[in-house]
Protein chains: 2
Amino acid sequence: MTTAITPDISAPRSHNAKRLSIIDAAARVFCQEGFAGANIDLIAAEAGVSRQTVYNHHGDKENLLVAVVKEIIERINAGVFETLATFPDKPVDLEAELVAFAVRLNQNCICSRDGKFLRKLLHTEGERHPKLFAGWREDGPAKTWAALAARLARLAHAGWLEIEDPDVAARQFLALVNADLQMAMIFGDNVTEEQQRTSATNAVRTFLRAFGKARPNAT
Amino acid sequence: MTTAITPDISAPRSHNAKRLSIIDAAARVFCQEGFAGANIDLIAAEAGVSRQTVYNHHGDKENLLVAVVKEIIERINAGVFETLATFPDKPVDLEAELVAFAVRLNQNCICSRDGKFLRKLLHTEGERHPKLFAGWREDGPAKTWAALAARLARLAHAGWLEIEDPDVAARQFLALVNADLQMAMIFGDNVTEEQQRTSATNAVRTFLRAFGKARPNAT
DNA sequence: ATATTTTTAGACAGACTTGTCCAAATCGTC
DNA sequence: GACGATTTGGACAAGTCTGTCTAAAAATAT
């Protein structure tokens, strides 16, 4: 364990903790009330901080939004990367392992708090602040698709799948995995684990009907 | 052509025209700026109407939102119904006809102006005003899914498809059709017809790989 | 223990909005 | 042409919110 004390910042500890607390509260309020409807007094209260502190840290309301988006995107990218690493490379029971992977993907990336925030901010501010999400737009979905496509191509090469265009297959896999959750997520319902498992099972079954091939370890 | 003069309303023509104009402008502004950020002066200006007229017609800002949502939902429901009626019942070239159907679905329901409005309003106001969309939530997607499922079941019965659960298949069909468009739509990019066709072709190809069966009229 | 930085609470001006009121003007109808 | 309803533009009060300022308090580092 590196003791990792940021050397530059002078009074880091509680200072940084408050910074994160503010960003979290701001994310919540921005998502619930929209940018224009977000009240900085409310954000400060929810963060357990005086209003002035909010201004000290982030200056502008606009600037606060920028910080929020930046933070959320970073977290989401990390989560996606982490989850993608658990893709079944050498499957024994491909269907079961793909289902488990799909469930993890939903849990960690799509139905998670940050996933919800990013989705909501994209919809409410995406059109108005394209620059805010420009970086994510290329580094996020594109890289995710490419990474997933590479994994799928590997499985195809190993004889598990038959895929012509791995990129298309990757996007379709994600689309199928989300098919049943969209509606629930829009209304902020919390999706039960049961639902997630059913949804993932249906998705993977259809995906394998389309792209599955030989099953070296058939039961 | 029916001369169709609405008999009940006393001063219908320009009055009703203004009503729609206001709702359209309000939809645009609500979607762009969010409810809190929407400025009634701006709505009035965009509708080509004085602010007082907006208040005369709809009273409250809240009330205006209700009217907008109601109108959009009605239009969307009509569009979906109309498009569903063009589902290929007695296909000759199933793949081509499903692709054409998918393109129509995207054009008329998802990428259309109203489709964009509904999606945006759902995301921005869905959680805060669940009652607003409660009606749609059951009459909209549920009915669409059921109708599409029935059509698919018919095709299955006719020997074109092999489907266990038509409801799941219907949702997955829609998910596949939208797979490539989500990202573009979030940012308000206008999707080219070329993109729509490619996307639909990919979707249908995968769908048929999963559920397609015999092809009575093979080329 | 002291010095420095951060935080707090409150007050404050300025700007912006909503919703109402009203008299004049416009429109459609008879 | 006259009448009634609708629309208009402008003014208006009430309220809210942002962003700044200040002096006191708290926390941190030396």
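The structure presented is a predicted model; accordingly, all values stated were derived computationally and were not measured. Residue numbers begin at 1 in each chain, while the letters A, B, ... track the order of the sequences.
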Participant: Could you tell me the separation between the NZ atom of A:Lys18 and the P atom of C:dT7, rounded to a whole number of Å?
Facilitator: 6 Å

Participant: Whole angstroms only, please: what is the CD1-P distance between A:Ile22 and C:dT6?
Facilitator: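 So the two atoms are 13 Å apart, to the nearest Å.
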
Participant: Applying salt bridge (Lys or Arg N to Asp or Glu O under 4.0 Å), which residue pairs with at least one partner in residues 37-61 of chain A are found, sequence neighbours left out?
Facilitator: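 For residues 37-61 of chain A: A:Arg28-A:Glu46, A:Asp41-A:Arg51.
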
Participant: Please confirm whether the backbone N or O of B:Ala36 pairs with a side-chain atom of A:Glu33, one donor and one acceptor, at under 3.5 Å?
Facilitator: no

Participant: Is the shortest distance from a Lys or Arg side-chain nitrogen in B:Glu125 or B:Arg128 to a carboxylate oxygen in the other one below 4.0 Å?
Facilitator: yes

Participant: Are B:Arg75 and B:Glu71 ion-paired here, with the side-chain N under 4.0 Å from a carboxylate O?
Facilitator: yes

Participant: Strictly under 3.5 Å: I want the nitrogen or oxygen pairs between protein and nucleotides 24-27 of chain D, one per line.
Facilitator:
none

Participant: Specify the separation, in whole Å, of atom CD of B:Glu33 and atom P of C:dC16.
Facilitator: 15 Å

Participant: Is A:Arg51 side chain donor-acceptor paired with the D:dG19 base, going by distance under 3.5 Å alone?
Facilitator: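 By the distance-only test, yes, there is a pair.
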
Participant: Please work out whether the ring planes of A:Trp136 and B:Phe187 are parallel, tilted or perpendicular, with thresholds of 30° and 60°.
Facilitator: tilted

Participant: CD of A:Gln32 to CG of A:Leu42: how many Å apart, nearest 0.5 Å?
Facilitator: 8.5 Å

Participant: Could you tell me whether a side-chain N or O of B:Ser199 sits under 3.5 Å from a main-chain N or O of B:Gln195, the two making a donor and an acceptor?
Facilitator: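 No.
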
Participant: Between C:dT5 atom C1' and A:Asn16 atom CG, what is the distance in whole Å?
Facilitator: 16 Å

Participant: Which comes earlier along DNA chain D counting from the 5' end, the contact point of A:Phe35 or that of B:Val49, where each point is its nearest nucleotide?
Facilitator: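 Checking each residue's closest nucleotide, the 5'-ward one belongs to B:Val49.
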
Participant: Does B:Arg154 reach the main-chain N or O of B:Lys90 with its side chain, forming a donor-acceptor pair under 3.5 Å?
Facilitator: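 It does not hold such a pair.
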
Participant: Between atom CG in B:Asn39 and atom C1' in D:dT16, what is the gap in whole Å?
Facilitator: 14 Å

Participant: With a 4.0 Å cut-off on heavy atoms, is A:Ala38 in touch with a base, just the backbone sugar-phosphate, or nothing at all?
Facilitator: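 Sugar-phosphate: the residue A:Ala38, judged by heavy atoms under 4.0 Å, touches backbone atoms but no base.
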
Participant: Just the rounded figure in Å: distance from C1' of D:dC17 to CD1 of A:Ile43.
Facilitator: 12 Å

Participant: Near DNA chain C, under 4.0 Å by heavy atom, which residues of residues 52-70 of chain B?
Facilitator: B:Gln52, B:Tyr55, B:Asp60, B:Lys61

Participant: Return the value, rounded to whole Å, for the distance between atom CG of B:Asp41 and atom C1' of D:dG10.
Facilitator: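 After rounding, the gap between these two atoms is 12 Å.
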
Participant: Please tell me if the side chains of B:Gln196 and B:Cys111 come closer than 4.5 Å, counting only heavy atoms from C-beta onward.
Facilitator: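 Result yes, sub-4.5 Å side-chain heavy-atom pair found.
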
